[in-house]
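Heads up: the structure comes next, in structure tokens.
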Amino acid sequence: MDNKTVVLLTTITVIAAIASLAIIKKDRRSENPPVAPGSYPFFGHALTLAQGSRVFFKAFFADTDIDLLEIDVAGKRGYVVRGVENTRKILTATQLNTRYLPKDALIEIGEYHQGILFNSDIESWKYNRKMLVESIARPRFIRSLAPKINSYLANIYPLLDKLAESKTPFLPNMLFGSMSLDVIVDIILTNNRHAAESYLQTCIDGKTRKNDILLDLVKGTMEATGFFANTPSLLYKYFPSYIQKAEKYRKVIREFEECTRELFTAKQQEKQQTAMDENVAEIAEDLASGLVLAVKSGMALNNAIEVIKSIIAGGTDTSSNTMSFLLYELACNPEIKNEIHTEVAALIADSENSEFDSQNIEQLPLLQAAILEISRMYSEAQYLLRDVQIDGFTLGGTVLQKDSLLFIWIQGNQLSSELWEKPEVFNPKRFLESKELGGPFGYGFSYASFGHGIRKCPGEALALMEMKLIMANLCLRYDFELVDPTKQLEIKDNLALECGNYEVIFKHRI
Ligand code: HEM
């Protein structure tokens, strides 16, 4: 930040501080919920400007029994919420069906009345989500994934074998990032990519990784979305250092869009000759062909492109980070790693076809529990977002103001020592105990890593199937250990929780 900007910001901040103290004095009544430092307009603005207003509230919640906190997010009223009852009440309320981002940010990221994740236009959101659910969330579709993923992995084993033989280290976040992207693009567009193979080959050759353009664009777009979501538009419109950053992010978003458009146009050309009837879900072999049909029947092309972008972006980093965190915790916990190996090896020994399929993969309770446990400890979304667009919505006796924001701090629940025994310990077995509590996975509303209710993650079944198949196969074939067990794992809280670089070495099991 240059000197002029600092002086200007300081002046604005002082004026805002004085004004906000006056407002607070006039505005606050005894029945208002507790106030976090950032709930005062002055601090709220300043912290939002520092691109992290939400992060500061963790410290405020610590050592208190407060479950509802009022905040200011760049001038808009917000509430940070935790606790089982508050979480349940919000996630089961069908009226709370949007998540807010300022219009400027939505336009920048291309989700203004388009796409899915931040689309707050109910009509187009419903249509887009239905397309997605009727395609990749159908049980029949989920069942058909196993042969696809098995044959994709078959190309990767020879390379992993070579790395294991030569004890060459590699970066799991790179491997899983490339794998998740390859798999999701194949699922959406029936388009074979080989990013994971290329990455492993560069490790074998001892060369520097060649950039995978699409993977870099996906990661860049996630970062760009975080930037536009968290930065007040005044900053990126008028302040030089932010203007520069915004330009860089716009370029990434534009290039990702162009790339997706090219993939979609190729799909349109491929389908041009095919006779198509009106029943989209039944005849489309992948989501993109369904969207080609929908565009023919009137869906806006840009909207179709945004749906594909939402899925590629939403389905890559989330699964990739979860698998990277899981491999890390398993490497740190060899007993559990070995138990999972025993579980998968026993299943394959008993199976007729010596491969995992959609049925036998469901008979791996410890692996499934390990995935849930990792999602508890390292929740990809730290907060679930909802808007209060209705009058009179109450939480614990407090009436929430209409047109305010809700941050449901699920990571606060999932790491609470009141709700979980030794929450900081990686203990998948806690998920093997009986499920009688209702809520997203049957473990009550203290666990909601894929969200819940009307805007829950539509990719949950797909992600779980993909992660189980990949991890079961890797744990069957390889043992693994960290190259430097003393190195602290780097974790970044972007739009999703990001697992940093750490090196592992694989060894043959079979
Ligand atoms: C480990 C993997 C994943 C995790 C942990 C995850 C988590 C989440 C969470 C927490 C939400 C918000 C839910 C809410 O507010 O109630 C969400 C929404 C969403 N997810 Fe996922 N997700 C994962 C994988 C995927 C995959 C593979 C896809 C695509 C195939 C996907 C597509 C989406 C979309 C489109 C939304 C927005 C839904 C809407 O607003 O209607 N996700 N995800």
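What you see below is based on every heavy atom in this structure, not just the backbone, and it leaves out hydrogens, waters and symmetry mates. In each ligand, atom 1 is the first atom listed, and ligand 1 is the first ligand listed.
Classification of the His452-Phe445 ring pair by plane angle, with boundaries at 30° and 60°, yields perpendicular. Using cut-offs of 30° and 60° on the angle between ring planes, the pair Tyr443 and Phe431 is perpendicular. Relative orientation of the Phe450 and Phe441 rings is tilted, given thresholds of 30° and 60° on the angle between their planes.
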Show the distances, to 0.1 Å, for all pairs joining an N/O atom of ligand 1 and a protein N/O atom that are shorter than 3.5 Å, listing one pair per line.
from, atom 1, to, atom 2, distance (Å)
ligand 1, 15 (O), Arg99, NH2, 2.7
ligand 1, 15 (O), Arg386, NH1, 2.7
ligand 1, 15 (O), Arg386, NH2, 3.3
ligand 1, 16 (O), Arg386, NH2, 2.7
ligand 1, 16 (O), His452, N, 3.2
ligand 1, 16 (O), Arg455, O, 3.3
ligand 1, 40 (O), Arg99, NH1, 2.7
ligand 1, 40 (O), Arg455, NE, 2.9
ligand 1, 40 (O), Arg455, NH2, 3.2
ligand 1, 41 (O), Trp125, NE1, 2.8
ligand 1, 41 (O), Arg129, NH1, 2.7

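The ring of Tyr502 has its center closer than 6.0 angstrom to the ring center of Tyr328.
The side chain to side chain donor-acceptor pair (under 3.5 Å) search around Tyr199 returns none, not counting sequence neighbours.
More than 12 heavy atoms of other residues, nucleotides or ligands shown are found within 6.0 angstrom of CD on Glu424.
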